[in-house]
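Structure first, then comments.
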Amino acid sequence: MTRYLPWITGVALIGLPFVYHAPYPLHILIIILIWSFAYTSWSIMGRFGLVSLGHGGFMGIGAYVTALSWNHAGLTPWVGIPLALLAGGVLAVLVAYPCFRFRITGHYFALVTLALSGVVLQVITATRDHTGGSLGYTPERYRGGSSLYALQFSGKTTWYLIALGVWAVGLYVWRRVDRSMTRYALEAISEDEDGAAAAGVHVTAEKLKITVLSAVMTALAGALYCQYQMFISPDTVSGISISLQMIFAVVVGGVYVSLGPTVGAVITILLAEVLRISFGTRAVGWDNLVYGVLLVLFIVFLPKGILGSLHDVARPRGKSGAAAA
Amino acid sequence: MGPLDIYLLEAVINGVLLGGVLALLSLGLNLIFGVIDVVWVCYAELIMLGMYGMYFLYTVYHVPIGLAAAVCIVGVAILGVILHVLVIAPLLGAAPINQFLATGGVLFFLQSAATVLFGIEFRNLGLRLPVLKVSEMFISYSRLLAFAAALIGMILVYLFLTRTYSGAAIRAIAQDRQIMTLMGVDTRRIYLITSALGGGLAGLAACLLVLQYDVHPFVGLSFGPITFLICVLGGLGNFVGGFVAAFVFAELISLGGLYLDLEWGYVFAFVFFIVMMFVRPEGLLARRS
């Protein structure tokens, strides 16, 4: 039965919008799927102790490169998105290669990537003549309605299926990494870099591979978010708070399980929506208040996250998780 | 002097004044890192609370400004102790990244608590300090005051660290935390003193910053990241390095702002930071190994 469970869930998820298509719940589902994908992308490297605060930067690059190449160069997102992914990957190499080469780890890696988030946010704000600055930016509508060429769809069902597909690919990548030699190499590195290097692991190359993969996926999440929302601003897709938001959701869900980031996204987004609906504008700030308290409590009492801890309860004798993050 | 030279000189002087405040900010964070070996990601949010304290005491309840400042400094120092006892102490044995994230959670909490309690309006003291006019340059009096107070604060901390028993114990722990327990120093007590001192410095910074900037729940994000970068640039836990780095950063921001926009000043500062991390990962003043 458990063998077929993923397939049954998959079919149910695909069939869902054809049975039930109220716009608001569907919108929430799409948002959850897009952010789940972004969080999964973060956790691909975060689970190995590579805590990056720069993912807000990669997401911003993904969103803004796609939107700018559509508006200014007239490039369809089919070209713009690959460009955005390329830009995200190049940026990741530029920052991460020297980091790994000069063995900047732990706190220091987190702070260098924090600076990266800051750079991207400030550049977007400073080039306000082209990007609209902190007022935000809107990709131009292509002849009003839906178009595959412009990757703009007015129907929510289409977007739901796209987001679902991308999310599933994200999970697939997570599993591939989980079952690869790279995983063992990176776990060894996160425990002892010198030891891993002595055992023949190419430390810099392994870390760089996973970082670029994670950055490119995050840029894709940004591009997708931009195409779906048709509005981006530096604060909603880039910067330090987005980076922290990613880490928070992943920690809540669980870093070491494939569905952990998704559970984190479901919990955080539903929490924010419930508070918004039940308290209206008075709820401003309450969602983050609850997040903050939960984040502290989770790190103190449940560092493996909700799903991770449930896994441990269900399989007490199973392999204990990877090294503590 | 041509007009550009005047602007240049003005920017340089303002950079020095900003540097004084940034140096004060990084001193508190450096102290905590050097002694307790944790990074308070929420440091700037403590300052934000201190700024709100000043606003309410002085502008709303009309407490004399000197008394209000003293209350704020003590109040934020107490907040620092609470933060240590509730969040840092249970995590002292955990992986450094967990402490980092937990204080990140406190950042979220404080920001949104301020939003909920005080709303998102920008508030200011409503106190206009005069602007000094030296030949053709304009230098704000509040910046000068902040610079002077920051210097005095730093000298006091220096004297505390070098002339008292607790100060000596703090410096000793920063050098070797295992040995000091064996030497009969109560580490927990020293940690509490350090947290209070770090909090007090944040409170002092709050009193000075509120003279120049409006306070709102997200004000911490505008100078928090800069403070971390300065500490890392100077070498985390290295007080002198942090001092130098603060002035380098302030000049970059000030001069970048003169020639382009303020944001470009920040971009230069961030890029400079990233490059310096590769050139001198142990901090500006570290000897090359």
Side-chain angles (χ1 to χ4, degrees), chain A residues 46 49 51 53 94-95 97-99 101-104 106-128 133 235 239-241 244-245 247-248 251 282-301 303 323-325, chain B residues 33 37-39 41-42 86-87 90-91 94-120 217-218 221 224-226 228-229 231-233 236 260-275 277-279 281-282:
Chain A
V51 172
L53 289 170
L94 280 181
V95 177
Y97 177 73
C99 271
R101 182 75 186 69
F102 297 115
R103 310 200 43 182
I104 292 167
H107 278 124
Y108 285 84
F109 181 67
L111 286 164
V112 170
T113 49
L114 177 102
L116 172 69
S117 276
V119 168
V120 172
L121 180 80
Q122 299 286 355
V123 168
I124 294 173
T125 320
T127 53
R128 56 176 65 80
D235 300 316
I240 292 146
S241 18
L244 280 175
Q245 182 191 324
I247 299 173
F248 168 66
V251 169
R282 278 181 298 135
V284 174
W286 278 102
D287 50 347
N288 277 326
L289 191 80
V290 180
Y291 287 179
V293 175
L294 283 180
L295 183 53
V296 176
L297 291 178
F298 268 96
I299 287 172
V300 175
F301 297 109
Chain B
F33 183 83
D37 201 15
V38 293
V39 177
V41 179
C42 55
L86 287 187
V87 179
L91 287 175
I97 214 69
N98 284 9
Q99 302 160 348
F100 200 88
L101 295 179
T103 49
V106 177
L107 176 149
F108 267 118
F109 171 74
L110 293 180
Q111 240 176 38
S112 39
T115 313
V116 168
L117 290 175
F118 311 129
I120 52 171
F218 302 98
L221 287 181
I226 295 273
F228 302 130
L229 301 188
C231 289
V232 175
L233 193 60
L236 270 170
L260 290 155
D261 284 331
L262 186 61
E263 286 91 359
W264 285 111
Y266 282 98
V267 171
F268 290 145
F270 285 148
V271 170
F272 175 73
F273 168 79
I274 293 178
V275 172
M277 281 307 286
F278 303 145
V279 183
E282 298 298 315

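Proteins come first, then strands; the chains are lettered A, B, ... in the order of their sequence lines, and each starts at number 1.
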Mind ranking B/Ala114, B/Ser112, B/Pro90 by heavy-atom pairs under 4.5 Å with chain A and telling me who comes out on top? B/Ser112
Are A/Val296 and B/Leu86 close enough that some pair of their side-chain heavy atoms sits under 4.5 Å apart? no
If I measure from the heavy atoms of chain B, does A/Val51 come under 4.5 Å with its side chain, its backbone, both, or neither? side chain
Counting only non-hydrogen atoms closer than 4.5 Å, does A/Leu53 touch chain B with its backbone (N, CA, C, O), its side chain (CB onward), both, or neither? side chain
Assess whether side-chain contact (heavy atoms from CB on, under 4.5 Å) is satisfied between B/Leu229 and A/Leu114, documenting all intermediate values. CA-CA 9 Å; B/Leu229 301 188; A/Leu114 177 102; 4.2 Å; yes
Is B/Leu110 close to chain A through its backbone or its side chain, or both, or neither, when contacts mean heavy atoms under 4.5 Å? neither
If I take atom CZ from residue B/Phe108 and atom OG from residue A/Ser241, how far apart are they, to the nearest 0.5 angstrom? 7.0 Å
Search all heavy atoms of B/Phe273 against all heavy atoms of A/Ala115 and return the closest pair with its distance. CD2-CB, 3.5 Å
Closest non-hydrogen atom pair between B/Val232 and A/Leu111, with its separation: CG2-CD1, 3.0 Å
